J.: 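Okay, handing you the structure first.
What you see is a predicted model, and the numbers here were worked out from it, not measured in a lab. Below, chain A is the first sequence line, B the second, and so on; all start at residue 1.
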Number of protein chains: 2
Amino acid sequence: MAKTKIPTPGKPVRGSESGKPVMALIDLMGRRWILRILWELRGEPLTFRALQEACGGVSPSVLNGRLGDLREAALIEATGDGYGLTAMGRELGKEFEALTHWAEKWAKVLK
Amino acid sequence: MAKTKIPTPGKPVRGSESGKPVMALIDLMGRRWILRILWELRGEPLTFRALQEACGGVSPSVLNGRLGDLREAALIEATGDGYGLTAMGRELGKEFEALTHWAEKWAKVLK
DNA sequence: TCCTGTTGCTACGATTTCAGTAGCAAAAGA
DNA sequence: TCTTTTGCTACTGAAATCGTAGCAACAGGA
């Protein structure tokens, strides 16, 4: 069960009363581990423990909270084999992959 | 002056030793207000105070910290008229705009 | 010059979130 | 039955964030 409020499109979120979907997305993505979890799940589903390890040993309490967030956001779901992306989650992951290419360029510029 | 460590592609970041650019990006974007600031600066440059107001009254200490992060990441710069996106920053903003469309669909699915 | 307003920040205490470890109940093998 | 694995909760201390106050520098205006 998530202890924090879940950002929901159409409802006000932290720092914005507009209810615009992008604000809910910004709120959600701005939480630590959310992006990392989505990233680690881009392939096949992972068990809780596997996911924890993939995320560099994130504490289970935080991980569990984030899994709750992501489940309420309908981006991941618990399957028989652990946690996996939903259709929406996979789509978001694909969008995010475009950012990977940007990040490569960014790395070159920065160094 | 930023008090937190800046995620840099090529160097280990929070939760990842790989040094992959995408990990640095995930680390950076996973900090509260980072995405929001980039979003609010997508148009014209804003002064510190204007940006603060645009971000729903975020505390100046945090805002200042994030501005430092973003400057070190070469995504924003201080111009004469306040803070504005760099070329890289504007590019990232464009990538992120694709996510706006995704968020619209997400909103429909969720409700 | 003095007054007033704006701007970019710093300081600081209170609150929230995160990290790190320990451990437990349920399920799965062996 | 005995042992592992799995999913998760509990707890404590550290770190990040919030919210407010306020200050120095600069820009008019009177």
J.: For the side chain of B:W106 and the backbone of A:A73, is there at least one donor-acceptor N/O pair under 3.5 Å apart?
T.: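 The answer is yes, because a donor-acceptor pair under 3.5 Å joins these two groups.
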J.: Could you tell me whether A:R36 and A:E40 have a side-chain N and a carboxylate O separated by less than 4.0 Å?
T.: yes
J.: When the distance from CD1 of B:I37 to P of C:dG8 is rounded to whole Å, what number comes out?
T.: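 For the pair B:I37 CD1 and C:dG8 P, the rounded distance is 14 Å.
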J.: Ignoring backbone atoms, establish whether A:Y83 has a side-chain N or O less than 4.0 Å from OP1 or OP2 of D:dC8.
T.: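 Yes, such a contact exists.
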J.: Under 4.0 Å between a side-chain N or O of A:R31 and OP1 or OP2 of C:dC18?
T.: no
J.: Does the protein touch nucleotides 20-30 of chain C at the base, only the backbone, or not at all? Give it as B, S and - per nucleotide, heavy atoms under 4.0 Å.
T.: BBB--------
J.: Please report, rounded to the nearest Å, how far the P atom of D:dA24 is from the CZ atom of B:F48.
T.: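 Result: 17 Å.
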J.: Can you tell me the distance, in whole Å, between the CG atom of B:L67 and the P atom of D:dT17?
T.: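 Rounding to the nearest Å, CG of B:L67 and P of D:dT17 are 13 Å apart.
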J.: So A:L99 and B:V22, side-chain contact (heavy atoms from CB on, under 4.5 Å) or not? Walk me through it.
T.: CA-CA 8 Å; A:L99 290 181; B:V22 68; over 6 Å; no
J.: What's the CG-C1' distance between A:L63 and C:dT17, to the nearest Å?
T.: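 Value for this atom pair: 15 Å.
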J.: Tell me whether the side-chain N/O atoms of B:N64 come closer than 4.0 Å to OP1 or OP2 in C:dT10.
T.: yes
J.: For A:Y83 versus A:L41, what's the shortest heavy-atom pair and its separation?
T.: O-CD2, 3.4 Å
J.: Does a side-chain heavy-atom distance below 4.5 Å link B:I37 with B:L63?
T.: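 With C-beta onward as the side chain, the pair touches.
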J.: Under 4.0 Å between a side-chain N/O of A:W33 and OP1 or OP2 of C:dA19, yes or no?
T.: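 It does, given that an N or O in the side chain of A:W33 lies less than 4.0 Å from OP1 or OP2 of C:dA19.
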J.: Is A:R32 close enough to C:dA19 that one of its side-chain N or O atoms is under 4.0 Å from OP1 or OP2 there?
T.: yes
J.: Any side-chain heavy atom of B:W33 within less than 4.5 Å of one from B:L70?
T.: no
J.: Can you tell me the distance, in whole Å, between the CG atom of B:L46 and the P atom of C:dT6?
T.: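 The distance from CG of B:L46 to P of C:dT6 comes to 17 Å, rounded to the nearest Å.
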J.: Provide, to the nearest angstrom, the distance between the CZ atom belonging to B:R66 and the C1' atom belonging to C:dG8.
T.: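 Interatomic distance, CZ of B:R66 to C1' of C:dG8: 18 Å.
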J.: Is the NZ or CZ atom of B:R42 both under 6.0 Å from the centre of the six-membered ring of B:W39 and within 45° of that ring's axis?
T.: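 Judged by the rule (NZ or CZ under 6.0 Å from the ring centre, within 45° of its axis), B:R42 counts as positioned above B:W39.
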J.: To the nearest Å, how far apart are A:L51 CG and D:dT5 P?
T.: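 Rounded to the whole Å, the gap is 18 Å.
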J.: To the nearest Å, how far apart are B:I76 CD1 and C:dG8 P?
T.: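 The answer, rounded to whole Å, is 12 Å.
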